Amino acid sequence: MSKIIASAAIRGAYKLVEKAEKKYREAAGRFGPKKEVGFPNTAYYLPIIYGITGIPVKTVADMETVLKECRSLLPPFVKEDHPLPYLAPALDAGMAALFAEEIIEAVRYLEQPDFYTKGEDPAEGKIWLGAADDVIMRKRGVEFVDGTAPGFAAIAGAAPDPKTAAKIAQELQEKNLYVFMCAEHNGKRFSEQLAEAGVQVGWPTRLVPFGPEISAAVFAIGFATRAAMSFGGVKPGEYRKILIYNKDRIFAFVLALGYVSEEWYATAAGAINWGFPTIADTPIPQVLPTGICTYEHVVSNVPLDQIVAKAIEVRGLKVTQAEVPIPVAYGPAFEGERVRKEDLYAEARGGVTTVCEWVTSGAMDEIEDGKIEVIGPDLDAIPAGSQFSMAVVAEVAGRKMQEDFEPILERQIHHLTNYAQGIMHIGQRDIAWLRVGKAAKEKGFMLKHIGSILHAKFHQDFGRIFDKVQVKIYTDEKKVKEIIGQAREVYKKRDARIEGMTDETTEVYYSCTLCQSFAPSHVCMVSPERTGLCGAYNWMDCKASNEINPTGPNQPVEKGETLDAKFGQWKGVNEFVQKASRGKIDHYNFYSVVNDPMTTCGCCECICVILPMCNGVMTVNREFDGMTPCGMKFTTLAGTIGGGLQTAGFVGHSKYNICQRKFITGDGGIKRIVWMPKMLKEEIRERLIKRGEEAGMPDLIDRIADETIGTTEEAILPFLQEKKHPALEMDALI
Amino acid sequence: MDIPKIKYSGRIKEISVAGGAVTVGGETSYPFHLFEGEMPHRPMIAMEVFDSPQDEWPQACLEPFTDVMRSPSAWAKKCVEKFGAEMICLQLAGADPNGLNRAAGELIPAVKEVAASVNVPVIVWGCENDDKDAEVLPKVAESIQDKKIIIGPATDKNYKKVGAACIAYGHTVVASTPIDINLAKQLNILLGDLGVPDSQIIIDLNIGGCTIGYGLEYTYSVMERQKQAALSQQDEKLQFPVLCNFARDVWKKREITLDDEKLGDKKKRGILFEAMTGCMLAIAGADILVMRHPEAVRLLKNMINNLTK
Amino acid sequence: MALTGIEIFKKLPKTNCGKCGVPTCLAFAMQLAAGKAELSACPFVSDAVKTELSEASAPPIRQVVIGTGDSAVKTGGETVLFRHEKTFVNPAALAVLISDEMNDAQVEERIKKFSELRYERVGLTLKPDLIAVKDTKGDPGAFAALVSRITGRTNAALILMSLKPEVISAGVKACAGQKPLIYAATGDNAEAMAGIAKENSCPLAVRGRDLDETAGLTQKLEAAGIRDMVIDPGSRSARQALEDEVAARRAPLLNKFRPLGFPTITFPCEMTQDPMEEALIASILIAKYAGIIVLSDLAGESLFPLLVTRLNIFTDPQRPMATREGIYEIGKPGDNSPVLVTTNFSLTYFIVSGEIETSRVPSWLLVQDAEGLSVLTAWAADKFVAETIAALVKKTGIADKIKHKKLVIPGAVARISGELEEELPGWEIIIGPREAAHIPAFLRQWKT
């Protein structure tokens with residue numbers, strides 16, 4: 001922590017404690033030690049003191065104990081040669097400052113009972129509201145819990161002028177934040193500036209004028225402290241829980257506008273204990289390293305027109321937009337509609353013109369959330385009936401964003417665009433195809449609206465994995481060509497990366513329990529080299545799904561100690577499966593059909609079955625409805641092994657999995673396959689040939705029988721012998 | 001011969017409702033398996049009251065209530081005093097945007113009236129439109145501060161609003177999920193994360209309205225699985241009592257109103273449809289059953305007595 | 001622990017001869033493991049293997065057949081405690097009582113109700129299964145006459161109820177060859193009853209004062225060569241019956257206690273005088289393990305709820321109930337009435353048709369065979385898509401019944417509308433509500 005800040009905060013804390021001591025002595029003299037003190041209509045006494053120390057300050061005399069506590073919290077002054085770090089003493093000083101300020105305010109309630117208005121709105125000529133009573137706290141606090149209001153901005157000081165104040169307040173209101181105001185700068189106060197600008201203040205507008213001095217900041221922090229006790233079930237005195245509750249749940253921050261006095265420093269240091277960072281418009285020293293707060297502690301010298309955006313970023317607050325701001329209707333109902341030739345206004349068609357869609361991530365400070373640019377002509381400058389080139393580039397940034405999430409966001413462009421009425425979208429990457437209908441054009445749809453859609457929907461659906469997105473839509477042919485070149489490089493790199501991931505080098509796999517509704521004991525486990533058996537989820541999808549929905553069906557599983565490398569069995573996986581199957585299954589192998597194979601829910605794309613006579617296995621895909629050499633059709637097989645059973649000799653898997661390197665390696669791998677339907681063979685032909693090459697048998701595909709050879713073991717065996725199928729030479733399968 | 005006993009390692013949480021006046025849950029064995037465990041609190045029967053008259057009901061259901069249908073409080077009183085309701089469930093069907101679309105302000109008087117007119121626990125049930133319930137139920141919670149009530153349904157779409165209000169005013173929340181124990185568990189975790197104490201949660205596993213003849217097997221099995229997970233697999237996040245709000249679904253069914261000699265007496269048929277659905281749900285593990293017809297209530301109550309006495 | 005398919009397969013002859021009815025030994029082994037086939041179907045398996053496998057493959061609860069031919073009733077053969085683990089095998093059989101105390105008219109009425117109270121539902125006929133003929137007078141002649149009277153009117157499978165061997169004997173003769181269930185062998189008459197059962201190859205019900213005595217009796221009778229038994233542990237209260245049923249299911253399943261490894265027979269008719277209460281007790285016994293449930297009488301208002309409850313409890317938890325594909329007329333639709341389409345998952349069909357009915361707007365409902373999946377699941381599995389719906393529209397010839405060409409699809413599959421318009425040229429595809437509950441509001445605004 002900055003030495004300047006630490007020493008200022010400590011000095012400020014001393015001043016405040018001294019002031020409180022003085023106030024206490026005065027009160028004791030004037031009212032006597034037995035005089036009752038407290039904020040109006042609350043069961044939480046002086047809430048910060050009560051919450052943090054557990055001491056209920058009921059009388060003037062009770063304040064003495066607290067003041068002693070303050071003294072013991074106050075660290076020595078920072079000396080020139082004091083070593084780092086300064087954080088801990090500054091935080092303690094801040095805490096002492098807040099206790100002191102609460103006492104100062106409590107004495108004010110004694111001395112000037114009518115100083116604050118009691119209620120939700122300012123009274124005639126009396127703008128300051130003071131502490132919220134329990135009725136207000138409960139009613140407003142609910143909004144913090146249910147997410148209606150994500151948090152509050154505690155504003156100390158004043159803006160340069162009423163207009164700027166009104167603008168900042170409006171920006172904060174738009175983000176649904178409460179604004180708690182106190183203190184003055186240059187004789188001006190933010191609350192008064194708002195009133196002057198004609199802005200209505202009070203609890204109903206969420207613009208709360210707490211008090212004229214910095215000590216009124218305790219009404220804000222006291223509110224947060226009470227929320228933890230009232231809504232978090234935290235007991236008074238459990239200070240750690242109170243502070244963590246606030247850090248994790250109340251998205252609050254301090255906006256310091258104007259000269260930062262030592263008292264301000266002390267109060268801000270106190271707020272850091274709650275995880276509330278300070279954002280200042282003056283060039284005070286910064287405290288960037290994270291520790292207590294989610295991200296930075298003090299960020300300074302922020303221009304006023306950026307201060308709200310910065311504060312939100314620093315506090316890690318996510319704000320979503322409920323509506324997609326485009327001139328045509330938007331929703332899943334329009335996903336399937338077609339734009340026919342006769343209704344077509346213009347189209348960008350990958351393969352015919354140059355088109356690509358690309359999601360890429362950038363640094364937080366390079367990306368401006370919500371910025372949408374069209375580089376080249378937009379629809380109004382594109383002639384009717386024409387085909388144009390287009391590159392849609394969504395640049396995202398976020399503290400949780402990972403490169404691996406780019407393709408997941410990118411895949412969403414297809415259906416998100418399709419949701420717009422009169423817009424048709426097909427494909428992705430460099431084969432994307434966008435059609436804009438005449439009706440949509442007439443209603444004012446422009447290409448920039450694709451940006452609006454992506455911005456709004458990415459935030460709505462994937463807000464947990466990124467913070468900011470800006471969209472650039474290129475229609476300038478030359479630029480599009482440039483972009484597509486870059487994008488293709490990335491596509492290639494991505495594919496190689498997924499291909500390159502191995503089970504050995506990956507420590508965390510993902511579970512999928514989506515199907516337990518009908519297959520109660522089934523637990524799918526997805527590793528890089530064993531994609532989900534339904535074909536819908538690969539490892540990366542599961543990872544992203546978990547980030548988006550941390551309590552959902554895809555949970556990270558530390559694979560743990562390897563119990564069997566050949567068959568693919570891990571201790572951590574087994575433990576998870578046992579628990580998630582509720583004791584029904586205690587272990588399984590990833591790479592075997594014969595020995596304790598993975599369970600099957602019934603959604604599998606293919607089922608692999610042993611063919612004992614051929615010493616090999618067959619696999620059949622769901623679409624193939626004919627008889628197979630094992631004597632069972634796909635539906636019979638699915639009925640026999642589905643439902644979360646472990647059935648030796650049978651295993652469900654995805655089509656993609658067949659050509660993954662680990663496919664039944666425990667039983668001999670891909671070279672065990674002696675039969676599969678022709679349609680499946682054709683579907684995976686390219687990859688199967690490549691995989692055959694890797695396995696040292698480029699013509700493996702031609703040695704695998706299909707239904708045109710036969711649908712019984714007897715019928716295909718001569719073919720296998722003639723083709724010298726490798727399975728015939730392998731160790732006995734069972 | 002000794003009956004092979006199941007080794008139970010968990011129990012259903014005992015949830016005190018109505019400010020501690022009544023407790024539900026607490027089972028240490030499968031439902032009514034009293035030879036190997038306890039059921040400290042018999043399943044309780046709540047009777048339905050609506051915020052608005054239900055004139056389109058089948059005749060059999062109208063008969064007992066024609067005199068009180070226009071006054072929710074009189075209706076509630078009659079259920080308790082005449083028909084022996086152990087709880088009252090005020091169904092805010094009138095809130096439904098596809099129906100009367102009544103605003104919270106129009107509904108609150110009924111809520112207050114009902115809460116004040118009976119001394120049994122009160123359940124207030126929304127219209128099952130996630131958005132509307134998110135709007136109405138918190139206001140319901142706020143409007144009843146001198147009494148503790150049970151409020152539902154909280155779904156994965158609106159649990160924050162409904163849950164937060166229940167925390168603030170100390171009411172019990174009913175977490176509703178569509179026939180899937182993993183979803184049930186997930187919602188319980190989410191409510192926990194929100195800050196709802198375990199002692200204020202009851203669950204409902206039957207979104208979708210299954211009754212006998214209409215998908216009962218789904219509800220029946222998911223409830224049996226919930227009991228298994230809770231009692232013998234130490235799945236703490238499923239150890240909650242279960243509420244079943246099913247009468248509405250029963251009386252909507254085609255066979256209830258059909259005139260068909262082969263289906264026998266119409267009134268008795270409807271009553272048995274309701275009582276038998278309730279009976280199956282009780283056997284599967286319901287702790288609170290929301291019912292409509294007084295005769296069905298009498299039959300099921302008697303059955304529960306016979307199984308527990 | 002039952003053997004797995006592979007373990008059984010290893011012991012089979014591996015000839016793939018197909019004589020057992022399935023094409024391969026592996027497929028046969030899988031059926032054996034699932035309890036869906038009998039080892040005796042394999043002509044080549046050795047005796048040694050037979051003995052080894054029959055021990056392992058016999059279901060822990062014996063399956064017993066009562067009656068012959070089409071009206072035969074199978075009971076028992078259960079393998080699990082909870083229906084979500086695996087389908088319960090044989091639905092609880094419902095029996096109605098006819099006693100020798102009834103006059104001719106009463107007997108006639110019972111038989112008539114037994115034959116007529118049947119209901120079509122999801123392609124199945126729901127009906128009562130057995131007639132229990134009860135002797136109260138101890139008069140063999142009268143009993144035989146009653147049995148004859150019944151067999152003359154119906155081919156229903158029978159339960160002959162008397163504790164007097166000579167009465168049973170007369171009854172059995174009166175329905176020679178029809179394999180009635182003899183009820184009951186007790187501690188007092190077991191030997192004589194066993195003799196009759198053996199001589200006539202009839203299944204035998206065994207009644208003890210409690211589970212212990214019942215188990216003792218079955219052991220004794222098994223030693224005497226009786227295999228097909230049904231047990232009545234004597235409980236006559238709902239609570240005791242539930243306890244006994246659970247015990248009789250768990251003992252063979254969890255403890256391999258064979259003496260209780262038989263289906264049960266229960267008597268709600270002797271547990272209460274109130275028919276409504278009797279129906280509730282019967283419903284509990286359907287859920288909790290009764291093999292046979294004897295009712296005092298049949299009435300539509302209680303029989304129908306019991307039959308649908310039974311249908312629910314005994315469905316395959318992995319395979320949804322489905323209804324038939326085709327056009328369903330709801331109300332009296334005309335050529336301007338709306339046409340809606342949905343899948344054949346029975347629950348989906350019931351709910352959608354119910355809501356259409358509620359709307360009171362006469363409509364055509366097209367139901368497409370999607371292997372019993374619900375709309376979204378079927379769509380995801382490619383079984384309820386533009387192609388299949390278009391095929392259904394053409395196959396059913398719905399276009400001939402209407403003047404408009406508008407088809408309402410479920411809101412959940414709105415995305416297929418474009419494709420469907422291409423598959424069905426000239427049709428307008430209208431996106432219906434996502435939730436069935438909103439169908440009435442939707443239909444009330446229908447205009448052609």
Side-chain angles (χ1 to χ4, degrees), chain B residues 1-6 30 32-36 56 96 98-99 128 208-218 220-222 224-225 228 252-255 260-273 275-280 282-284 295 299-300 302-303 306-309, chain C residues 82-84 116-119 121 210-212 215 237-239 242-243 246-247 250-251 253-255 257 259-260 272 274-277 279-281 283-284 286-288 299-309 311-315 317 321 346-347 350-351 353-354 357-358 437-438 440-441:
Chain B
M1 194 208 61
D2 285 330
I3 302 174
K5 302 259 166 72
I6 303 285
Y30 294 147
F32 306 104
H33 286 39
L34 299 174
F35 47 89
E36 60 186 9
E56 76 292 2
D96 190 349
N98 294 301
E128 303 195 346
C210 297
T211 71
I212 59 166
Y214 293 84
L216 172 85
E217 68 271 26
Y218 294 94
Y220 179 86
S221 280
V222 80
E224 285 204 328
R225 290 186 59 206
Q228 267 189 308
K252 269 203 294 201
K253 298 293 180 268
R254 209 172 136 255
E255 286 87 353
D260 181 344
E261 207 176 311
K262 271 165 53 176
L263 292 172
D265 182 90
K266 206 198 282 187
K267 181 170 160 190
K268 285 185 186 165
R269 187 200 317 153
I271 290 166
L272 265 181
F273 242 84
M276 204 176 282
T277 300
C279 192
M280 287 294 104
I283 286 288
E295 185 57 18
L299 277 169
L300 186 54
N302 175 47
M303 197 68 244
N306 286 342
L307 288 170
T308 48
K309 77 177 174 210
Chain C
F82 297 99
R83 65 170 293 283
H84 63 256
E116 286 178 2
L117 292 180
R118 14 192 92 199
Y119 312 90
R121 203 173 170 84
D210 53 27
L211 277 172
D212 282 320
S237 77
R239 181 173 170 177
L242 175 66
E243 178 176 333
V246 171
R250 280 187 193 169
L253 256 50
L254 304 181
N255 289 7
F257 185 69
L260 289 178
T272 173
D274 175 359
M276 305 277 269
E277 188 183 342
L280 285 198
I281 297 172
S283 74
I284 294 171
I286 285 173
K288 289 298 167 196
E301 69 260 17
S302 55
L303 180 63
F304 180 74
L306 280 174
L307 288 169
V308 294
T309 299
L311 187 62
N312 290 142
I313 296 292
F314 285 83
T315 47
M321 276 199 282
S346 66
L347 202 53
F350 283 138
I351 293 171
S353 59
E357 216 152 308
T358 308
H438 301 155

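Each chain gets a letter, A, B and so on, in the order its sequence line appears, and its residues count up from 1. We use all heavy atoms of the structure for the numbers below, so side chains are in, but hydrogens, waters and symmetry mates are not. The model shown is predicted, which means the values in this text are computed figures rather than measured ones.
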Query - Closest contact, heavy atoms only, B/Tyr30 versus C/Arg250 - result: CD1-NH2, 4.0 Å
Query raised in the report: What's the spacing between C/Arg239 CZ and B/Leu34 CG if we round to 0.5 Å?
Result: 4.5 Å
Query raised in the report: Between C/Val308 and B/Gly213, which heavy-atom pair has the shortest distance, and what is it?
Result: CB-CA, 3.6 Å
Query raised in the report: Which heavy atom of B/Met280 sits nearest a heavy atom of C/Ile313, and at what distance?
Result: SD-CD1, 4.4 Å
Query raised in the report: Roughly how far, to the nearest 0.5 Å, is CG of B/Asn306 from CD1 of C/Ile281?
Result: 6.5 Å
Query raised in the report: Roughly how far, to the nearest 0.5 Å, is the CD1 atom of C/Ile351 from the SG atom of B/Cys210?
Result: 7.0 Å
Query - Contacting region of B/Asp260 [heavy-atom separation from chain C under 4.5 Å] - result: neither
Requested in this report: Drop me the distance from C/Lys288's NZ to B/Ile283's CD1, to the nearest 0.5 angstrom.
Outcome: 7.5 Å
Report summary line: Applying a strict 4.5 Å limit to non-hydrogen atoms, the region of B/Ile271 in contact with chain C is side chain
Query raised in the report: Are any non-hydrogen side-chain atoms of C/Asp274 and B/Leu299 less than 4.5 angstrom apart?
Result: yes
Query raised in the report: Do B/Lys262 and C/Tyr119 meet the cation-pi criteria used here (NZ or CZ under 6.0 Å from the six-membered ring centre, within 45° of the axis)?
Result: yes
Query raised in the report: Where does C/Leu311 contact chain B at under 4.5 Å (heavy atoms): side chain, backbone, both or neither?
Result: neither
Query raised in the report: Do other residues, nucleotides or ligands put more than 12 heavy atoms under 6.0 Å from the NZ atom of B/Lys268?
Result: no
Report task. Could you tell me which of C/Gly300, C/Gly354, C/Ala287 has the largest number of non-hydrogen atom pairs under 4.5 Å with chain B? Result -> C/Gly300
Report summary line: Cut-off 4.5 Å, heavy atoms of chain C, and the answer for B/Glu56 is neither
Query - Heavy-atom closest pair, residues B/Ile6 and C/Leu254 - result: CD1-CD1, 4.3 Å
Report task. Measure C/Phe257 against the heavy atoms of chain B and call it side chain, backbone, both or neither at under 4.5 Å. Result -> side chain
Query raised in the report: By a 4.5 Å heavy-atom criterion (distance strictly below it), what part of C/Ala215 contacts chain B: side chain, backbone, both, or neither?
Result: neither
**Report entry** Atom group of C/Ala299 that falls short of 4.5 Å from chain B, counting heavy atoms
**Finding:** neither
Query raised in the report: Rounded to the nearest 0.5 Å, what separation is found between the OG atom of C/Ser237 and the NZ atom of B/Lys309?
Result: 8.5 Å
Query raised in the report: Non-hydrogen atoms of chain B under 4.5 Å away: do they reach the side chain of C/Glu357, the backbone, both or neither?
Result: side chain
**Report entry** Side chain, backbone, both or neither of C/Ile286 within contact of chain B (heavy atoms, under 4.5 Å)
**Finding:** neither
Query - Contacting moiety of B/Thr277, where chain C heavy atoms sit under 4.5 Å - result: neither
**Report entry** Aromatic ring proximity B/Tyr220/C/Phe82, centre distance under 6.0 Å
**Finding:** no
**Report entry** Residue C/Ala238 versus chain B: region with a heavy atom under 4.5 Å
**Finding:** both
Query - Pick from B/His33, B/Gln228, B/Arg254 with the largest number of heavy-atom pairs that fall under 4.5 Å of chain C - result: B/Gln228
Requested in this report: Specify the closest pair of heavy atoms between B/Glu224 and C/Arg83, including all atoms of both residues, with the distance to one decimal.
Outcome: OE1-N, 4.4 Å
Query raised in the report: B/Met276 versus chain C, heavy atoms under 4.5 Å apart: side chain, backbone, both or neither?
Result: both
Query raised in the report: Roughly how far apart are C/Leu347 CG and B/Tyr218 OH, rounded to 0.5 Å?
Result: 6.5 Å
Requested in this report: Select one option (side chain, backbone, both, neither) describing which atoms of B/Asp265 are under 4.5 Å from chain C's heavy atoms.
Outcome: both
Query raised in the report: Would a 4.5 Å heavy-atom cut-off, applied to side chains only, mark C/Val246 and B/Phe35 as touching?
Result: yes
Report task. Examine whether an atom of C/Thr315 lies under 4.5 Å from a heavy atom of chain B, and if so say whether it belongs to the side chain, the backbone or both; otherwise answer neither. Result -> side chain
Query raised in the report: Checking heavy atoms, do the side chain of B/Lys252, its backbone, both or neither come under 4.5 Å from chain C?
Result: side chain
Requested in this report: For B/Leu272 and C/Glu301, work out which heavy atoms get closest and say how close.
Outcome: CD1-O, 3.6 Å
Query raised in the report: At a heavy-atom separation under 4.5 Å, does B/Glu36 approach chain C through its side chain, its backbone, both, or neither?
Result: side chain
**Report entry** Pair C/Glu243 + B/Lys5, salt bridge at N-O below 4.0 Å
**Finding:** no
**Report entry** From CA spacing to verdict: salt bridge (Lys or Arg N to Asp or Glu O under 4.0 Å), C/Arg121, B/Glu255
**Finding:** CA-CA 12 Å; C/Arg121 203 173 170 84; B/Glu255 286 87 353; 2.7 Å; yes
